[in-house]
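Here the structure is laid out as structure tokens; the discussion comes afterwards.
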2 protein chains.
Amino acid sequence: MVTIYDVSERAGVSLATVSRVMNNNARVSDKTKAKVLQAMADLGYRPNAIAKGLASSRSNSVGVLISELHGPFYGMMMSAIETELRKHDIHSIFAAGHSDAAKEEDAVNFLLSRRCDALILYVEAVSDEFLVELNKRGTPIVVLGRDIKNLQPQCINLDNEQGGYLAAKYLLDAGHRDIAYISGPLWKVDTQDRLAGHRRALAEHQLTFDESLLIEGDFQEEGGVDGLNKLLSSGRPFTAVACGNDEMAAGAMAAARDAGMTLPDDLSIVGFDNVAYSRFVYPKLCTVNYPVREMAEMATHWVLRQVYDHTRFEIENTFTPVMVERNSVLRVQK
Amino acid sequence: MVTIYDVSERAGVSLATVSRVMNNNARVSDKTKAKVLQAMADLGYRPNAIAKGLASSRSNSVGVLISELHGPFYGMMMSAIETELRKHDIHSIFAAGHSDAAKEEDAVNFLLSRRCDALILYVEAVSDEFLVELNKRGTPIVVLGRDIKNLQPQCINLDNEQGGYLAAKYLLDAGHRDIAYISGPLWKVDTQDRLAGHRRALAEHQLTFDESLLIEGDFQEEGGVDGLNKLLSSGRPFTAVACGNDEMAAGAMAAARDAGMTLPDDLSIVGFDNVAYSRFVYPKLCTVNYPVREMAEMATHWVLRQVYDHTRFEIENTFTPVMVERNSVLRVQK
DNA sequence: TTGAAAGCGATACCAT
DNA sequence: ATGGTATCGCTTTCAA
């Protein structure tokens with residue numbers, strides 16, 4: 001492997017000078033610069049990011065912790081982050097936390113030992129205090145998908161309550177009154193917020209939520225399948241079901257059809273997230289848009305500015321969901 | 001940041017000894033080991049992976065180049081690789097090549113400058129020669145999704161031709177004779193192979209493929225939509241369509257329905273890949289299973305053994321696709 | 001504008 | 001079993 005020494009020797013200049021032209025952060029005469037560049041080209045020199053990292057105590061990498069590396073939601077997130085960072089020659093280290101506190105902490109330690117310059121975290125299980133403490137440890141962090149009191153300026157979140165409200169309101173406005181709900185895991189804050197919004201919409205219509213129409217799911221397709229089957233076998237009547245996310249909505253659709261129902265005639269369904277494939281299930285899914293890409297980009301820009309540019313950057317802390325109307329909801333006459 | 005120096009001082013031992021207990025690769029008395037461990041705990045020591053990398057000329061990271069970071073197919077791949085590697089405290093650096101030769105080369109250079117210990121590559125646009133040359137550069141590589149003559153033992157691929165054959169045969173056995181094909185980009189080898197298999201199945205039935213029933217798509221949902229619309233407006237009759245992958249199949253389904261068709265009665269559809277959501281489109285998609293997870297794990301094991309363990313490991317070079325029967329194909333009587 | 005030299009935080013060889 | 005020390009490839013004062 002050719003090093004900076006080889007280049008300096010070949011160009012007949014010092015190590016320092018070679019370093020300067022690499023980072024072109026100091027004045028170097030055009031003539032020497034040309035010599036150095038030529039030497040690099042001749043030798044096929046490639047800078048060693050590891051050595052650079054050690055010397056500058058900057059790894060030029062940012063750690064990204066998300067729940068899973070697969071799935072349409074996280075896919076968007078990773079894609080947005082990697083694209084933006086790599087433009088700046090920074091690499092992203094992705095790690096999965098699997099929605100489990102121990103695994104999330106593990107992943108954080110892993111990323112920290114990698115000496116990431118910053119961390120972008122979408123964590124679900126770890127406590128607020130953990131994050132507050134982590135923040136004090138020196139590595140800048142930005143938190144996606146949570147609101148933490150003592151970390152406000154570094155949090156980027158969607159107004160989930162409002163999202164849940166919009167979905168329910170959409171169903172209510174279409175004339176539905178018996179509305180079931182297949183939620184994500186109840187311990188997750190997102191789940192709770194969306195459900196709270198759902199309740200608020202019902203309350204606005206002087207309806208109280210029938211708790212027996214609430215099924216706890218897992219944010220996966222299978223959870224939607226199981227959820228709908230449970231609802232069906234409960235015998236309780238319902239004309240619509242709101243789902244905690246699109247995956248479960250897709251599962252619920254499949255289960256409904258397996259049970260012999262026609263959609264949306266026999267059952268109206270709304271999802272949440274607006275993942276790519278929600279447009280390609282049948283019927284096309286009405287859902288709440290979660291602007292993941294924008295939020296991920298916001299997080300990345302914060303890191304870029306705050307950490308690498310040393311310039312302040314005000315984050316847009318709360319994103320607003322909007323309803324995406326498609327064909328999975330039937331208007332019923334009252 | 002606390003370093004190995006601090007630990008050695010606190011424990012009253014030398015640097016070397018601290019290093020030994022960290023890597024426990026040399027004999028250290030239980031007593032000193034305990035002292036060192038205690039000192040580490042007291043100080044909250046975290047090894048600096050960067051420094052370790054420089055000193056050992058092992059970054060403990062492997063570069064993974066795939067076409068996109070989103071999408072169900074690559075999601076599975078990343079997930080499988082990351083899980084396996086992190087068990088061994090190795091991190092994966094994912095980079096997107098976007099199916100473009102220049103961008104793929106760019107990404108390779110990026111990963112190389114990161115001093116990855118090995119590269120797992122799913123590249124589509126770059127030439128075979130490029131990969132052969134790359135392989136000579138010292139960093140071990142394993143290639144997914146391609147067969148390269150002079151790189152055979154490091155290639156892991158699916159028998160795409162056989163997959164294309166199976167899909168077409170399935171349609172033929174169900175009685176279909178007028179079969180359209182929405183392919184991926186024609187310059188991609190996967191596309192060509194799958195199409196070749198398709199043709200072989202037709203030939204076995206004494207049918208020749210009607211070229212006007214071939215539409216070039218893009219492996220995305222939208223490509224399936226466009227593809228089906230083109231087929232429809234061509235006026236040519238067809239009772240079934242085979243798609244280059246599941247995403248396009250989902251798009252084709254949506255387009256068919258938008259055109260007023262009932263599925264699978266008016267049109268039978270098969271996909272390719274068996275991505276997670278293919279089970280949740282309607283009707284449930286008949287498709288060809290692509291064992292991505294297994295293939296990714298195979299690649300990872302190769303790297304683990306060959307690079308980190310210095311023990312030989314024979315790769316299973318070719319995986320066999322199987323047909324997954326579901327409900328998107330109608331049996332027609334002859 | 002350029003050079004000399006002291007780190008950065010580990011590893012690993014050579015002694016003891 | 002333990003310690004001393006050169007080394008990895010680059011950055012970054014400090015001088016010149």
Side-chain angles (χ1 to χ4, degrees), chain A residues 1-37 39-40 43-61 89 112-117 138-139 308 310, chain B residues 1-37 39-40 43-61 89-91 112-117 138-139 308 310:
Chain A
M1 219 44 317
V2 18
T3 76
I4 200 178
Y5 291 90
D6 306 319
V7 175
S8 89
E9 187 172 350
R10 169 134 191 160
V13 300
S14 74
L15 285 189
T17 301
V18 176
S19 175
R20 288 187 185 105
V21 349
M22 284 184 54
N23 301 294
N24 64 318
N25 49 8
R27 232 150 291 292
V28 176
S29 76
D30 289 351
K31 222 176 106 206
T32 35
K33 183 182 225 164
K35 274 196 305 189
V36 173
L37 258 16
M40 286 180 170
L43 267 30
Y45 170 73
R46 317 171 154 280
N48 182 327
I50 302 280
K52 175 176 171 137
L54 183 57
S56 60
S57 52
R58 276 212 159 298
S59 61
N60 288 304
S61 69
D89 214 52
L112 248 24
S113 80
R114 246 58 211 188
R115 289 301 190 273
C116 296
D117 299 327
T139 305
Y308 293 103
H310 302 295
Chain B
M1 225 29 332
V2 19
T3 75
I4 198 176
Y5 291 89
D6 306 319
V7 175
S8 89
E9 187 171 350
R10 168 137 193 158
V13 299
S14 74
L15 283 188
T17 300
V18 177
S19 176
R20 287 187 185 102
V21 351
M22 284 186 53
N23 301 294
N24 65 323
N25 49 8
R27 230 151 293 290
V28 177
S29 76
D30 289 351
K31 221 177 99 207
T32 34
K33 184 183 226 161
K35 275 196 302 189
V36 173
L37 257 16
M40 285 178 170
L43 268 32
Y45 170 74
R46 318 171 155 281
N48 181 326
I50 303 280
K52 175 175 170 139
L54 183 57
S56 61
S57 52
R58 274 213 159 299
S59 61
N60 288 303
S61 70
D89 213 54
I90 293 164
H91 83 260
L112 248 23
S113 79
R114 247 58 212 187
R115 288 304 190 270
C116 295
D117 299 327
T139 305
Y308 294 103
H310 302 294

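Everything numeric in this text was worked out from a predicted model, so none of it was measured. Chain letters run A, B, ... following the sequence lines, proteins first, then strands; residues in each count from 1.
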Full working for side-chain contact (heavy atoms from CB on, under 4.5 Å) between B:N60 and B:Y308: CA-CA 9 Å; B:N60 288 303; B:Y308 294 103; 3.7 Å; yes
Protein-nucleotide distance ([X], atom [atom1]; [N], atom [atom2]), rounded to Å:
{"X": "B:K31", "N": "D:dT2", "atom1": "NZ", "atom2": "C1'", "value": "13 Å"}
{"X": "B:M40", "N": "C:dA10", "atom1": "CE", "atom2": "C1'", "value": "11 Å"}
{"X": "B:N60", "N": "C:dT11", "atom1": "CG", "atom2": "P", "value": "10 Å"}

Residue A:D30 excluded, over 12 heavy atoms near CG under 6.0 Å: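 At most 12 heavy atoms, drawn from other residues, nucleotides or ligands, come within 6.0 Å of this atom.
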Counting just side-chain N and O atoms, does B:T32 come under 4.0 Å of either OP1 or OP2 of D:dA1?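 No.
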Within less than 4.0 Å of OP1 or OP2 of C:dG3, is there a side-chain N or O belonging to A:T17?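 It does, given that an N or O in the side chain of A:T17 lies less than 4.0 Å from OP1 or OP2 of C:dG3.
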To the nearest 0.5 Å, what is the distance between [atom1] on [X] and [atom2] on [Y]?
{"X": "A:K33", "Y": "A:R20", "atom1": "NZ", "atom2": "CZ", "result": "12.5 Å"}
{"X": "B:E9", "Y": "B:T3", "atom1": "CD", "atom2": "OG1", "result": "9.0 Å"}
{"X": "A:D117", "Y": "A:S61", "atom1": "CG", "atom2": "OG", "result": "5.5 Å"}

In terms of side-chain heavy atoms, does A:D6 have a donor or acceptor partner in A:Y45 at a distance below 3.5 Å?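 Side chains of A:D6 and A:Y45: no pair found under 3.5 Å.
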Across the strands shown, which category fits A:V13 at heavy-atom distances under 4.0 angstrom: base, sugar-phosphate, nothing?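 Result for A:V13 = sugar-phosphate.
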If a protein heavy atom is under 4.0 Å from the base, mark B; if only from the sugar-phosphate, S; if neither, -; do that for nucleotides 4-10 of chain D going 5' to 3'. B---BBB
